Number of protein chains: 2
Amino acid sequence: MLSFFTVDCLILTFHEGQLKVLLTERNEYPYKDWWAIPGYFVDKEEEMEEAVKRISYENTGLKDIYLEQLAALAGVKRHPEGRILTVAYMALVRYEEVKNKVKPITNYMRQAKWFGVNDVPELAFDHNEILRLGLKKLKTNLSFSFAPFELLPEKFTLTQLQQIYESILGESLDKRNFRKKMGNLGYLKELDEYQTGVSYRAARLYKVDKRKFAKLFA
Amino acid sequence: MLSFFTVDCLILTFHEGQLKVLLTERNEYPYKDWWAIPGYFVDKEEEMEEAVKRISYENTGLKDIYLEQLAALAGVKRHPEGRILTVAYMALVRYEEVKNKVKPITNYMRQAKWFGVNDVPELAFDHNEILRLGLKKLKTNLSFSFAPFELLPEKFTLTQLQQIYESILGESLDKRNFRKKMGNLGYLKELDEYQTGVSYRAARLYKVDKRKFAKLFA
DNA sequence: ACAAAAGTGTTCGCAATACACCCATGG
DNA sequence: CCATGGGTGTATTGCGAACACTTTTGT
């Protein structure tokens with residue numbers, strides 16, 4: 001009883017004020033030359049959680065990223081060579097930590113590239129749907145999720161944090177209210193450090209207190 | 001390229017003041033004679049959403065229930081005859097509407113029976129895990145979900161509604177605050193009808209205004 | 001001096017919480 | 001008349017929302 005299935009890895013980051021998704025250009029049929037979410041077949045004896053780590057690495061060069069299950073898609077016609085079920089995962093990464101590492105290790109993907117989530121072409125298979133599901137989940141869980149801090153460098157400014165909230169929610173927020181709320185939550189640590197290399201007033205940097213954050217949601 | 005997988009249907013209801021899950025007794029190996037969440041193989045040319053309707057019906061006799069995807073489980077050792085991926089779905093049903101219909105149509109399940117969610121035996125495969133995931137999801141989404149009303153009869157008392165919240169959250173709530181909040185939400189319609197057949201003061205019945213509810217979450 | 005973004009307080013209304021007693025009904 | 005659950009109000013506190021100007025820095 002053979003059972004083939006794939007995993008796909010929706011990898012998101014935040015850069016230049018917008019959410020971006022990592023796409024790979026396929027070098028293999030079907031959908032050769034199309035952009036797709038990184039993904040491939042799970043080996044017969046391989047745990048799915050291992051497979052998704054291996055495959056995200058092979059497709060994009062990124063290691064040790066935390067992937068969470070998003071959905072299973074199994075449309076009879078989603079794959080031209082016969083029904084192939086896929087389990088989609090989602091990961092959030094810090095742009096600064098990964099920007100120099102993004103490069104496929106396999107040859108079934110030709111290149112990997114970041115696309116703004118609002119600037120994504122028509123993708124292979126049902127991958128546009130996977131992206132849609134991922135963004136929806138991000139938005140739904142935002143108020144009790146660590147997601148914003150997985151997208152930012154360790155030290156960040158409040159404006160960066162606000163931009164993330166705004167990109168995920170798709171609406172703009174009031175600066176003063178936003179800062180008051182973040183302050184009240186009590187898990188942001190104000191540092192005695194400031195932004196560098198900007199041609200205007202440098203903003204203060206902050207860190208998350210992971211202990212306090214975890215306690216709040218325990 | 002053959003691709004076998006199953007779907008499992010976590011079906012929950014509310015009765016006698018507690019959440020209950022519908023389990024089936026297997027009449028087929030592996031796990032013959034074990035209790036399990038209703039489920040079976042998806043046909044080769046069958047859409048997964050169709051399969052889950054068909055299979056929930058065959059296993060339990062219940063038709064036209066709304067199933068939502070919960071998770072995919074694919075442990076290499078979850079099935080003794082080789083790795084078989086399963087996609088778990090969840091449905092909520094009204095006890096009054098289904099109590100006389102629960103009966104397997106197939107012969108690979110011997111019987112179907114309601115179990116209190118805190119009184120569930122060790123189940124076949126990884127089905128205890130599926131139950132755990134379902135209850136977690138129910139709890140997480142409770143504040144913006146229609147779930148409580150899918151579990152109750154069309155006309156219900158505020159005490160019943162409160163009991164559902166309490167079962168899902170696993171904590172008791174203050175009666176006055178609960179009623180004030182439900183009133184404020186604005187989608188409950190007070191009826192001029194009362195409970196019957198109780199040996200104490202009969203409680204007023206309520207209905208949900210689905211239009212108003214839908215508007216709030218649009 | 002100008003451009004660009006940082007940073008900062010108050011008011012108002014509503015929602016969440018804590019808390020205890022009387023009422024209606026059936027047996 | 002008793003047992004059982006039904007039903008009700010107030011005070012406090014904290015959060016969400018609306019709203020605009022001054023400060024700092026680099027060029």
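Residue numbering restarts at 1 for every chain, and letters A, B, ... go by the order of the sequence lines. Predicted model, so just to flag it, every value in this text is computed and none were measured. These numbers come from the heavy atoms of this one structure, side chains and all, not from hydrogens, waters or symmetry mates.
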Note: R110(B)-D33(B) ion pair, threshold 4.0 Å (strictly below): yes
Separation of dG6(D) P from Q163(B) CD (nearest whole Å): 8 Å
Check: T157(B) main-chain N/O paired with Q160(B) side-chain donor or acceptor under 3.5 Å: yes
Check nucleotides 24-27 of chain D against the protein and report each pair of N or O atoms closer than 3.5 Å, with its distance, or say if there are none.
from    : atom 1 : to      : atom 2 : distance (Å)
dG26(D) : O4'    : S199(A) : O      : 3.4

Length of the line joining L173(B):CG and dA16(C):C1', which is rounded to integer Å: 12 Å
Atom pair OG1 (T24(B)) and NE2 (H127(B)), whose distance is rounded to the nearest 0.5 Å: 8.5 Å
Interatomic distance, L169(B) CG vs dT17(C) C1' [rounded to whole Å]: 16 Å
Between F5(B) and F5(A), ring centroids under 6.0 Å: no
Distance-only polar pair, side chains of E16(B) and Y95(B), donor-acceptor under 3.5 Å: no
Spacing between L188(A) atom CG and dG7(C) atom C1', to the nearest angstrom: 16 Å
Lys/Arg cation over aromatic Y57(A): K63(A), 6.0 Å, 45° cone: yes
OP1 or OP2 of dA5(C) under 4.0 Å from side-chain N/O of T159(A): no
Protein-nucleotide distance (L191(B), atom CG; dG6(D), atom C1'), rounded to Å: 16 Å
Pick out the pairs of N or O atoms, protein on one side and nucleotides 8-13 of chain D on the other, that lie under 3.5 Å.
from    : atom 1 : to      : atom 2 : distance (Å)
dT10(D) : O4     : K180(B) : NZ     : 3.1

Spacing between Y165(A) atom OH and dG16(D) atom P, to the nearest angstrom: 11 Å
Aromatic plane relationship, F213(B) with F149(B) - under 30° parallel, 30 to 60° tilted, over 60° perpendicular: perpendicular
Atom pair distance, as rounded to whole Å: NZ in K181(B) and C1' in dT17(C): 11 Å
Separation of dG7(D) C1' from L205(B) CG (nearest whole Å): 14 Å
Sidechain-backbone polar pair: D209(B) side chain, K212(B) backbone, donor-acceptor under 3.5 Å: yes
Cationic N near anionic O, under 4.0 Å, K113(A) to E25(A): no
